[in-house]
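Nothing fancy with the numbering, it's 1 onward along the sequence.
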Amino acid sequence: MMMASEMADMACASDEDLVLLVLSDPSTSQEEEEELMQLETSISASDIRNWNLPLILSSSIIKVEANRSRLMKQSSYFRGLLGGSFSESSLRHVVVQSNLEIIVRILQFIYGLSINVTHDSLLPLLEGALFFGVEGLLLECESWFHKSTSSTGIDALEMPLDALVEIWNFGSDHGIGFIQETCKDYLARNFTWTMLSSSFAKIPYDLLQSIIEHSYLTVESEMQLCDALLNWLSINSSFSDCLSVDCGNHYFHILKKVRICLLPLWFAAAKKRCFFEYADKCVTAILYLMENYHTSLLSAVPNGVLDNYRVRLTKYSKKVALSGCPQITVAFLILATLPLENDAVLMMRIINSLIELDNGREDCQLFKKSLHILSFESVHELDISKCPKVQFGAAVKWLHLAFPSLRILKASHSVDFEIDHLFYLSRNCCHIHEVDLTVDVSPVIIMKVSILSASTDEYGRSKNTGYKLSKEYFATTENPILSSVTKLSLEGRNNINDLDLLSISSLFGSLCYLNIKGCALVTDIGISKLLCKCPNIKSLILSYTSFGRNSVLALCSDNMTSAVSSGDCDHRKSGTMAYHLHQLQINGCKDVDQGSMIKLMSHAYMLKVLCMNETSLVDDALFGFQGCSLEELDVSETKVSMQALAFIMRRNSNVKCLKATGCQNLHQHGSSWTHGAAKSHHVLSAELGRIPALEEVALGWGFSTTSLDKLETAIGKLRAISLGLGASLDHDSLSVLPRICPLLERVILTFQVVSDGTVRSLLGSLKYLQELQLVCCLGELTSYSFEIGMPMLRILRLEWVTPWMTNRDLVILTQNCSNLVELSLSGCKLLDSDSQEIISSGWPGLTVIHLEDCGKVTANGVSSFFNCKAVEDLLLKAQRSRHWEELYSPCCFTASTAP
């Protein structure tokens, strides 16, 4: 059916009101145009809805009869051409040279057809609307562009960044203000999406500068912004290593927009290799701020540079990451949430109060005064891990005011954590569901404690110090408290005891994930009581705790109160917690006897992650495991046999990670169980060969060259491999690993026979390799092994394999693997005090340095290591024990020795 406007055109149009538009492509020659004019027949614009566009656009000339009045009303181009003083105004036909597809779209719009605007058609439509002066189409394009860029998030806009840059360039060239402003606004709000795009380096400098200066610039951290700018500069500027930010290249001026006082120390130190002067300036500023932040803040107010100390927050911020910033205090957190319009006098008074708060001389009554803290509803995640100057107690009191919708809090390595801080957080941040308060426990040091009483009541009464939980924290029928926390990590917190576990179980009844790895003060009784009160837990990380018989009984007791699916109800053990567990890690739990282990495994059915390293695990327990959903299994340092492990692999074909190092029984068959399993010692390899997508393996005894041949199809996507004591791969097998496993990111070889060819094959062919560990390996290695570029390598451990290493060899290492963050060298006896300078200047961003028995490295002190500003773990050990030398001397050990 025809539209009313079309019918009106046909009814009132006289011959004088019709004009013949001769539309031709600019590339058409005059001779072709004259020839086609004689052949082509005209079509009516009033019937444009029924045009066969593919056929029409295949011609070089289109003749269209159109309503003169409609054209003049909708288009300033036709208004001037047909109604002005031009000679064409009196002609019955006019020639219009333009891109045929564009002008057809213009005619469609003029005649009321809906135009489908996309990021591909936007520029042609804008170009046509500008040329023909169709204001209505310009407004429609503007409306579409505003709507398309109104969302926030990485996946909010399907338009690729290079298309957005092209649109911005078009807007700049034609002076279209709404395009320029909308592009800057969108890219600033979605800077994370912008910087992750492969086209980020194509952003023009002027646009990038406008984005950085935009008030809506939203980043997770200042490190994210700085890293993006440095990457952009490294591609768009011709510079030599260590180029200064103050050099003549004006592009580097953009780095002055980075708030260097908010950068992580390790990040700033790591950038010294390519941007030495800039990185050194950052490191100096951070170190000065660590000691004199109060002076810096107070002087920033009169100097008008207080913004340099403000964490970037906008109404679009979803995540705030300050991890690894040792200079950050609670004052910086609060400062970020204060109104910008506060006058100087008020700001000086507030900053003085914040400094008193950081110094512990003012309690948190500060939050109850007239201090106005802005609320950022969109922030769902905060990471203040490894920020030792942040007082956790003050931080949690600020959190619920600044981020009322917070879901995730990561505050690992908080030094002043107390259990009541956790309770306060759960009461006041009602949306929070994940809390990470981990402390580093690697290497794990197991505390030997004597439990005087297994009663939490007696334990609580005998406790003379510490926080005494108020009754208001407990959930009762009279005082119901519903905590939303479902995931809690207290790993390594040695101040957590049974009373704390009891309090946690009372408050966090909805817990689904609990990590108390290395919490040495909790007892088996305390863990079991928590399990009885938190039946919804699906993931338990209990490694290196007193988890034992009582906890196993709690997991296996038929007292599940949560609803189970009808499909599970038929299983006779579906009412137990153990049945519903998805993850169980009990590495190093020596209190689990064999009987308890067998009972636990017989009840576990839905496990996806099972880690039992250094436990009393035996074959009977594995044969009793009926689960078929395992994705990760760790049975290292246990007594399991090849036959039992093969039984597990046969039932769990989706395993992605298998760790079985140090299992001496893997070279023989189980002797106490017969299930008709294959009697060949290669049975495990055969079962693993049927697994489609292994991603990580750690194997020792029982793994040989023959095993590798059978695994070739299963390990094509392997990302990590560790070969330990007892594994015996020959030179050819190690050399073909890069061909079989091209995606490897981590390679650990312990007690293996290696050579220069082996190592060069690994380093030269594995382009994703990030970690290489060679520990106590035999064979003849020389410096030639490492004369190959390793730009991706981040972790290098050479322990007792390079006794020939000299300072020259060390220099070669710094040149070929320049991005190391962790270095461990042992037994390099030819190194001397000059090695310190080589290490500190070659790898200024190192966070871990381990040097053991490395000659005279420390003969003149360790002053050069002070230049490694980001170091977190420094181990300098003079000499290994004589017992170790005798035990692992090459003369009495070979890689194929049986246990």
| Just one of N613, L617, D619 clears the side-chain contact (heavy atoms from CB on, under 4.5 Å) bar with T638, so which one? | L617

Side chains of [X] and [Y]: do they bring a donor and an acceptor to under 3.5 Å?
X    : Y    : result
S323 : S385 : no
E491 : N515 : yes
D732 : S735 : no
S835 : N807 : yes
D730 : S733 : yes

| Is there a salt bridge (Lys or Arg N to Asp or Glu O under 4.0 Å) between E787 and R760 once you walk through the steps? | CA-CA 8 Å; E787 293 179 1; R760 287 183 64 85; 5.3 Å; no

| note | E434 meets the side-chain hydrogen bond (donor to acceptor under 3.5 Å, both in side chains) criterion, sequence neighbours left out, with none

Is there side-chain contact between [X] and [Y], with at least one heavy-atom pair below 4.5 Å?
X    : Y    : answer
V848 : L875 : no
L630 : L610 : yes
V862 : L876 : yes
Y513 : L540 : no
W701 : T661 : no
L581 : Y605 : no

| request: For R797, look at atom CZ and say whether over 12 heavy atoms of other residues, nucleotides or ligands are found less than 6.0 Å away. | output: yes

| message | Using the rule given for side chain to side chain donor-acceptor pair (under 3.5 Å), can you reason through D524 versus S551, listing the C-alpha separation, both sets of side-chain angles and the distance that settles it, and then say yes or no? | response | CA-CA 6 Å; D524 184 29; S551 300; 2.5 Å; yes

| message | side chain to side chain donor-acceptor pair (under 3.5 Å), that's the test. Do D756 and S785 meet it? Break it down for me. | response | CA-CA 5 Å; D756 284 347; S785 298; 2.3 Å; yes

| said: Let's go through S755 and T758 carefully: what are the C-alpha distance in whole Å and the side-chain angles of both, what is the deciding distance for side chain to side chain donor-acceptor pair (under 3.5 Å) to 0.1 Å, and is it a yes or a no? | reply: CA-CA 5 Å; S755 65; T758 302; 3.2 Å; yes

Distance-only check: which donor-acceptor pairs under 3.5 Å involve side-chain atoms of residues 714-723, not counting sequence neighbours?
| from | atom 1 | to | atom 2 | distance (Å) |
| --- | --- | --- | --- | --- |
| R719 | NH1 | E745 | OE2 | 3.0 |

| task | Kindly indicate, with the supporting measurements, whether the criterion salt bridge (Lys or Arg N to Asp or Glu O under 4.0 Å) is fulfilled by D227 and K271. | result | CA-CA 9 Å; D227 197 37; K271 295 299 178 182; 3.1 Å; yes

| Roughly how far apart are M805 CE and L831 CG, rounded to 0.5 Å? | 7.0 Å

